[in-house]
Colleague: 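Can you keep this structure in mind? I'll have questions shortly.
Per chain, numbering begins at 1; letters A, B, ... match sequence-line order. Just so it is clear, the model here is predicted, and its values are computed rather than measured.
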Number of protein chains: 2
Amino acid sequence: MPQPSASRRTPGRPPRISREAIIGTARRIVEEEGVHRLTMRRLATEVGSTPMALYHHVRDKEELLVLLLDDYAVRALRRPELPADPRERVVAAATAIHEALAACPWIVEVLTADDLMSKSALWFVEQLVSGLVEGGLSLDEAVHGYRAIWYYTAGEIVVRRTAARRRAEDDRRTYREEVFSGLDPEELPRLAQAADRWAPLTAEDTYRDGLKALVEGLLAGR
Amino acid sequence: MPQPSASRRTPGRPPRISREAIIGTARRIVEEEGVHRLTMRRLATEVGSTPMALYHHVRDKEELLVLLLDDYAVRALRRPELPADPRERVVAAATAIHEALAACPWIVEVLTADDLMSKSALWFVEQLVSGLVEGGLSLDEAVHGYRAIWYYTAGEIVVRRTAARRRAEDDRRTYREEVFSGLDPEELPRLAQAADRWAPLTAEDTYRDGLKALVEGLLAGR
DNA sequence: ACCTGAACACCGTTCAAGT
DNA sequence: ACCTGAACACCGTTCAAGT
């Protein structure tokens, strides 16, 4: 990985662009037009350089995306006041992560690009694990519990974000409506019964309810 | 969406390639080399045609991917014997979906491309919803519960699959090791304590445990 | 109705050379 | 040390024409 040159010496040509400038410009592009518009070529021209100059500051596009996520995490994750009760603390920490991620429309593509989100998220992970330990779990169980919460949270983001994009895009949403309107009540009675409430029901934000249930289940009987 | 021509008449040129042939070839490419190798151009040559011929049978690449997922679901989802107990039934139905998805390495890219997986998955959704209703939830609560289970399941797949790909790829895994070895026990005591067990702990398959906890939490006190 | 060829407007990345 | 230009090996999709 290329490093900024040591400041004690300036042995070669002085840099014209910096990692910070690259990431800053990348962030702007992504915020204004979405991740799919972020290309190395585009970024190069916006930063006032050539595509290949970028490769002197980042290894490849994937590294750029991870750096971008890190940058976002640093500025978006605000540590909340945490309740004393372990159960509520876990819910609060997970909710804080979830809120930061949900507010970031381009997160999905990057989420699926790395599982350890960012250094600045570790404090939240600590709160989750310690809350679960205080709730009665062993350390190992608490780490597993944290993973379960992370699965649930990441899944919620991915599924809801994708569904939202779909809806915004075009008429393909009618596929679901079509399927649900043609349900056989003999074969799939509950789905047929819920068919016309399905859209509003799944549009509701139930992250918190599901999270509470999960935490309750994880700590049940301890 | 283009349809196969009505068989009662053959008014124009006879088709040389079919939707089935396209999907079949696409499946082979994806199974052998991964989704990222599936391109319209590549697919066209493998199917013995030109890129543009494909657009007569599918709307665009995204539709192709959704058709591919559908095709996979039809052949991979096997309905299991379901236990009578509602709680266990929910766990069994979710586990069956999870197993089918987890066995499919290219699933992530397509998962994030549509939230209603496939018609053939509806039976499983029915089992989940009805299990939750019998477990004491209202129909609306049961639909929300199903969503929570789906978030958890999709998240598990996405996170674990991505982590696995990472590991296979290259040396970037050392990033996590580096972060975890440098933890400050004052600031993040639990994480520091779990640091050297982190890799094996997160490698364990704990889908089922987390699922049970979630279902237990959803049905708690009913 | 179905397919082809050529073109449009792009990609990420490598390599060799310049300052 | 840092940057440039040209090139490589691709993309998905549109359009106009052919059979």
Colleague: Using atom OH of A/Tyr55 as one end and atom P of D/dT4 as the other, report the distance to the nearest whole Å.
Modeller: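 After rounding, the gap between these two atoms is 15 Å.
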Colleague: Is it true that a side-chain atom of A/Glu46 and a backbone atom of A/Arg42 form a donor plus acceptor pair closer than 3.5 Å?
Modeller: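 Not a single qualifying donor-acceptor pair exists.
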Colleague: Suppose we define a pair by two distances each less than 3.5 Å, Watson-Crick or G-U wobble; what does D/dA9 pair with here?
Modeller: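 Across any shown strand, D/dA9 pairs with none.
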Colleague: Counting side-chain heavy atoms from CB outward, which of D/dC15, C/dC11, C/dT14 is closest to A/Arg42?
Modeller: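 The answer is C/dC11.
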Colleague: In whole Å, measure the gap between the C1' atoms of D/dA17 and C/dC2 for me.
Modeller: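 Those two atoms are separated by 13 Å.
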Colleague: Could you tell me the separation between the CZ atom of B/Arg16 and the P atom of C/dA1, rounded to a whole number of Å?
Modeller: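 My rounded result for the distance is 18 Å.
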Colleague: Searching all strands shown, indicate the nucleotide that pairs with D/dA1 (Watson-Crick or G-U wobble; both distances under 3.5 Å).
Modeller: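 Its partner is C/dT19 (Watson-Crick or G-U wobble, both distances under 3.5 Å).
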Colleague: I need the CZ-P distance between B/Arg41 and C/dC3, as an integer number of Å.
Modeller: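 Going from CZ in B/Arg41 over to P in C/dC3 covers 18 Å.
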Colleague: Round to a whole Å and report the spacing from NZ of B/Lys61 to C1' of D/dG12.
Modeller: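 Value for this atom pair: 8 Å.
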Colleague: Rounded to whole angstroms, how far apart are CD1 on A/Ile22 and P on C/dG12?
Modeller: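 Taking CD1 of A/Ile22 and P of C/dG12, I get 14 Å after rounding.
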Colleague: What integer distance in Å separates B/Met52:CE from C/dT4:P?
Modeller: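 That distance rounds to 11 Å.
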Colleague: OP1 or OP2 of D/dC3 less than 4.0 angstrom from a side-chain nitrogen or oxygen of A/His57, does that happen here?
Modeller: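 For D/dC3, OP1 or OP2 has a side-chain N or O of A/His57 closer than 4.0 Å.
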Colleague: Send over the distance from A/His36 NE2 to D/dG12 P, rounded to a whole Å.
Modeller: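 Whole-Å distance recorded here is 16 Å.
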Colleague: To the side chain of B/Ser49, which of C/dT4, C/dT13, C/dC2 is closest?
Modeller: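 The nucleotide sitting nearest to the side chain is C/dT4.
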Colleague: Would you say B/Thr50 places a side-chain N or O within less than 4.0 Å of OP1 or OP2 belonging to C/dC3?
Modeller: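 False: B/Thr50 side-chain N/O out of range (4.0 Å or more) of C/dC3 OP1/OP2.
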Colleague: Quick one: closest heavy-atom pair of A/Pro185 and A/Ala192, and the distance?
Modeller: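 Heavy atoms of A/Pro185 and A/Ala192 come nearest at CA-CB, 3.8 Å.
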Colleague: If only side-chain N and O atoms count, and only distance matters, is there a donor-acceptor pair under 3.5 Å linking B/Tyr207 with B/Thr153?
Modeller: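 Their side chains do contain a donor-acceptor pair, which is all the 3.5 Å distance test asks for.
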Colleague: Could you walk me through whether B/Arg19 and B/Glu63 pass salt bridge (Lys or Arg N to Asp or Glu O under 4.0 Å), step by step?
Modeller: CA-CA 12 Å; B/Arg19 223 183 223 237; B/Glu63 188 182 270; 3.6 Å; yes
Colleague: Measure from CE on A/Met40 to P on D/dC3 and round the result to the nearest Å.
Modeller: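 The answer, rounded to whole Å, is 14 Å.
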Colleague: Checking contacts here: which listed nucleotide (D/dT13, C/dC3, D/dC3) is nearest the side-chain heavy atoms of B/His56?
Modeller: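 Per side-chain heavy atoms of B/His56, the pick is C/dC3.
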Colleague: Between C/dT14, C/dC3, D/dC3, which nucleotide gets closest to the side-chain atoms of B/Ala53?
Modeller: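 That would be C/dC3.
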Colleague: Is A/Glu33 salt-bridged to A/Arg28, going by a charged N under 4.0 Å from an acidic O?
Modeller: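 A salt bridge is absent here (no side-chain N lies under 4.0 Å from a carboxylate O).
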